[in-house]
Structure formats: structure tokens, C-alpha cells
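The structure under discussion appears below in the form of C-alpha cells.
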Amino acid sequence: MHGATSESASSGKPELRAVAQSGHQDLMGRVARGDEHAFAELYDMLAERVYGLVLRVMRDPAQSEEVTQEVFVELWRTASRFRSERGSVTSWAMTIAHRRAVDRVRSAQSTVDREARMAASQQDTPFDSVADEVASRFEQRQVRHCLDTLTELQRESVGLAYYQGYTYGEVATLLDTPLGTIKTRLRDGLIRLRDCLGVGR
Amino acid sequence: MNADIHTLTGAYALHALSESERVAFEEHLAECAACRKEVSELQETAVRLGSAFATPPPDSLKQNVLASIRRVRQLPPDEGSIVPLRGRRWPQRATALAAAAAAIAAIVLGSQVVRLDDEASRAKQQLAEVSSRYEAVADMIAARNTKIMAAEAGDMRATVVVSPQHGKVAFLPKDVPEPGKDKTYQLWLIGPDGAHSAGLLPDKDTPVVADTIEGATVLGVTIEPEGGSKQPTTDPVMTLALG
């Protein structure tokens, strides 16, 4: 099965990851001390991923640029609060980015927009993306492979929540499934993905 | 560990909880190490889902970002916080409350608030007695630029300690009347973007230490239903200008 190859490929990575991690920590230390060059490096390291995720959730390029800028300003402002023991720099930045994009989608959109979006999303599976939307093909392949290991309900729930920014209550409505089931599917779906992607220690 | 709330780790990592559930879950997280570990792993997993869509932003964005950070002051390091910072806003109602609270602070409390700048050492000594129990407060008192204020409103008296260096505010109750059956006192920090909960008063003797918020100008105390509210539901029984 493909799982074996992708898993052994990623098991060679931890050392590299550890080196990269300690480098990122130094970078964050410099950013926290107000070093603008270090911040520019941080921007180069994260911009494609942050913008790509925000765009994926928000769809509108102009608004996505705005939110991406807000995310980086927040990273700058709160750099001293970053704790490496709580997760990687990338994870910290992407979590903030997702949170901001989702907040914006939830608050700014009128009910009408939101309903239209809910209707549109029913034909829109999370992974029918245009090819040029995707920069990191390896990452994409691995994620796609791991999503394939989920049940259909797990995959749909995770995709609607993460890529479309729906609350689990909205996901339950969209999929016409009890709340408790969606809650559980989001968790066990992510746990399965975590194990497939080799996340964690 | 509460098994039911624990299943929310997935929805939380995906930002798929409603506002009230998120607040409740973060309170649970603060006490559940196993949940924190799982959440952190699931967040890392979500990040991998997000990274798959990396897309180069327009070149102009970098210049805009670099220009805008030059106008933004960075937060000082925060040594003690365990709970993730809450960055949510309460737009209209909170702004109205902030204005109301500021007005009350200006008009009513102008005469009732006594600054103890000269009596700081007295307060320091008093607080040293509880320092073994309340080390966080003692550290704040010891820091530079710390402000110690006495607040009085009706029958309620308290000492408020504000430490810009720690980014924290402490509320030390002195005389606190019973809030009423099934009610609790809740503290609020009110800044330019509204009121943020600074926690519930656990009893009439225990200090509350909270992370301050950017630009906080007023500390307010309201009576809320047991368990607290997401936003103030009653007029403040005490407000104190922090500036």
C-alpha cells in the first residue's frame, strides 16, 4: 500500500525537522526583539502557506490579501508570546491565519451570502482545486492520500469545517447528520489524519 | 477528564466551535494536560491540510506588511499565561459599554477612587503577607512601573494592581458584599475594541490575576449569573480607570 512508502519517507524527516525547528526558534527570538530583517525572513518562509490557506477559506483574493496582512501584523505583535514547546512556528502562524479567515467569513458575510455559500459548497468537494492553486505538490499528494484513508463522512466533515470555515453545527445541518456524530467524526477523522501524516511525537 | 467535552478537541482544532463552546472548552483545556497535547497534535494536523494549498501572494503584499509592522508596537513577553490568548471582539454592544463605563469612571468614581501612589509601600507590605499564596501578585508588585490603586464603590472595596511589565492586572478584594443567590462577580477589561472578561471572582478573599488587553483603559465589575457571561449583562457595580 502507498501508506508504507509515504510513511517511511516521512520517518526520515524528523531530524531535518528538528534542525529546521531550532532555526525557526532563533528566528522567532530575533523577531521578538524587533528585528525587521528576521521578520522579512519569517514572511518569506510562511507567506505562501498563510496566503494559500486564507484564500482557500475566503475565496476572494483582495480580502485574502487583507487578512494575510493582518495575520503577519499579529505575528509581529505577539512574537514574544510564541512558545516552541506548544508547537512549531508554522503551526502557530497557520492556526492564527485559519482563525482570522474563519472569523472574517463568519462575521462579515451577510446571511444571504452565507446561504449561497452553503448551497454552492454542496457541489464543491474540498479537493477539486484548480492545479495552479497548489504550490506544494508533494504536500498535496500526501494530504490527498491521507484524506483517502478517511471514511466519506469523516472526509466531508473535516473538509467543510476546515476549508469552508463552517461550525460543526452547520456541518451537521449540511450533511443532515446528528451533531454528536459530526463532533466525533471531526475528532476521529483528524486523529486518523494525524497518524497517517506522521504528526506528533 | 470529562469524556463528552473531550470529544470537542477535533472541532476546536478546526475552529468549528461556536463562540460559547470555544470559551467553555478553553476553560477545560487550561485544566486538562491530555487535552492540550491532543489539541496541539490535531492543530498541527490541520496545518498540514492548510499547507497543501500554498499559493504565492502578490509581490506587493510583502512591502505592505513590512511597512505596516513599523507602526505596530510588539507585546512584551508573558511568562505565566497558560490559557491561549483570546483575541475575539465584541463589536457594538461592547463599545457602548466601554463608553458607558468610561463615563461612569470619569463622573462617579473620580471622587471615590483614591490613588495610593504615596502609600504603595504600605500596600506592598500588606501584600507581602499573602505573597506565598499569591506569588504572581507579589511579582507584579515588585516590577517597575506597577500601579497600585484602591477602588471603592458602594460597599465594595478592592485593591487593583496593574503591571505593564508583566502585562497583567490583579484584583484583590477587600470588602465584597454577597453577589446574591446564583450570582457571581465578573471582572472586565475594557479597551478600544470593547469589554473582555478578566475572570470571575472565586470568593470574597481570593485575588484574580488576568492578562491585560491591548489599550485597556477601564476595569469593570458586574454581577452575572453563576458561571459568568460572555459579555456584561448588567451595569457595572464598580469601575476603575486604569490610565
Side-chain angles (χ1 to χ4, degrees), chain A residues 32 34 36 39-40 43 47-49 51-53 55-56 65 68-69 72-74 76-81 86-88 90-91 94-95 97-99 102-103 129 133-136 139-140 143-144 158 161-163 165-169 171 183-184 186-191 193-194 197 199-200, chain B residues 4 6-19 21-22 36-58 60-62 64-79 81-82 84-85 87-89 91 167 211 214:
Chain A
E36 290 177 18
F39 185 77
Y43 178 90
E48 294 194 357
R49 269 177 289 189
Y51 178 70
L53 171 59
L55 185 64
R56 177 73 214 180
E65 251 189 86
T68 303
Q69 180 162 342
F72 277 101
V73 169
E74 184 163 345
W76 165 259
R77 203 171 72 81
T78 59
S80 68
R81 308 283 168 105
R86 279 195 222 143
S88 68
T90 308
S91 171
M94 293 289 277
T95 303
H98 189 258
R99 162 98 266 165
V102 164
D103 277 353
S129 64
E133 201 180 3
V134 178
S136 169
E139 191 89 54
Q140 161 90 5
V143 168
R144 188 196 290 271
V158 169
Y162 192 69
Y163 292 121
Y166 291 121
T167 64
Y168 79 90
V171 173
K183 213 174 2 180
T184 319
L186 289 177
R187 176 167 178 248
D188 55 34
L190 272 185
I191 287 175
L193 282 173
R194 173 194 71 189
L197 291 165
V199 173
Chain B
D4 191 46
H6 190 66
T7 57
L8 289 177
T9 50
Y12 178 78
L14 295 166
H15 298 138
L17 293 181
S18 70
E19 183 61 17
E21 284 172 311
R22 183 183 68 83
R36 283 201 296 277
K37 182 174 189 294
E38 184 168 303
V39 160
S40 139
E41 288 174 4
L42 298 187
Q43 277 174 338
E44 198 86 33
T45 304
V47 165
R48 300 284 293 278
L49 292 178
S51 297
F53 287 92
T55 308
S60 58
L61 185 62
K62 184 173 180 180
N64 293 343
V65 165
L66 294 180
S68 60
I69 61 151
R70 288 190 193 111
R71 297 190 299 267
V72 175
R73 209 183 137 69
Q74 292 178 295
L75 291 181
D78 172 21
E79 291 306 314
S81 133
I82 300 166
L85 290 172
R88 304 299 295 275
R89 298 173 174 196
D211 287 334
E214 188 81 346

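Labels below follow one simple rule: chain letters A, B, ... track the order of the sequence lines, proteins then strands, and each chain is numbered from 1. Small disclaimer: the values here were computed from a predicted structure and weren't measured.
- For the set A/Tyr162, A/Phe72, A/Phe39, the entry with the most heavy-atom pairs within less than 4.5 Å of chain B is A/Tyr162.
- A distance of 10.5 Å separates CD in B/Gln43 from CZ in A/Arg99, rounded to the nearest 0.5 Å.
- Using the six-membered ring where Trp is involved, A/His98 and B/His15 have ring planes that are parallel, under 30° apart on the 30 and 60° scheme.
- With no hydrogens or angles considered, a side-chain donor-acceptor pair links A/Ser88 and B/Glu44 at under 3.5 Å.
- Contact tally against chain B (heavy-atom pairs below 4.5 Å) for A/Thr68, A/Thr95, A/Thr90: the top residue is A/Thr95.
- Between A/Glu65 and B/Pro58, the shortest heavy-atom contact is OE2-CG, 3.3 Å.
- Between chain B and the options A/Gly169, A/Ala32, A/Ala79, A/Ser91, heavy-atom pairs under 4.5 Å are most frequent for A/Ser91.
- The candidate from B/Glu21, B/Gln74, B/Arg73 with the greatest count of non-hydrogen atom pairs under 4.5 Å with chain A is B/Gln74.
- By number of non-hydrogen pairs under 4.5 angstrom with chain B, the leading residue of A/Leu186, A/Leu53, A/Thr184 is A/Leu186.
- Heavy atoms closer than 4.5 Å to chain B are found in the side chain of A/Tyr43, but not in its backbone.
- Closest heavy-atom contact between A/Val143 and B/Ala52: CG2-CB, 4.0 Å.
- To the nearest 0.5 Å, atom CG of residue B/Leu42 and atom CZ of residue A/Arg187 are 7.5 Å apart.
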For A/Arg49 and B/Val47, run side chain to side chain contact (heavy atoms under 4.5 Å, CB included): C-alpha distance rounded to whole Å, both residues' side-chain angles, the deciding distance at 0.1 Å, then the answer. CA-CA 9 Å; A/Arg49 269 177 289 189; B/Val47 165; over 6 Å; no
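- Side-chain contact between B/Leu17 and A/Tyr168: present, with at least one pair of heavy atoms (C-beta onward) separated by less than 4.5 Å.
- Side-chain contact between B/Pro77 and A/Arg81: absent, with no pair of heavy atoms (C-beta onward) separated by less than 4.5 Å.
- Contacts of B/Ile69 with chain A are made by both backbone and side-chain atoms, with heavy-atom separations under 4.5 Å.
- Residues A/Val73 and B/Val65 are not in side-chain contact: their nearest non-hydrogen atoms beyond the backbone lie 4.5 Å or more apart.
- Atom-to-atom distance recorded for A/Leu190:CG and B/Leu14:CG is 4.5 Å, nearest 0.5 angstrom.
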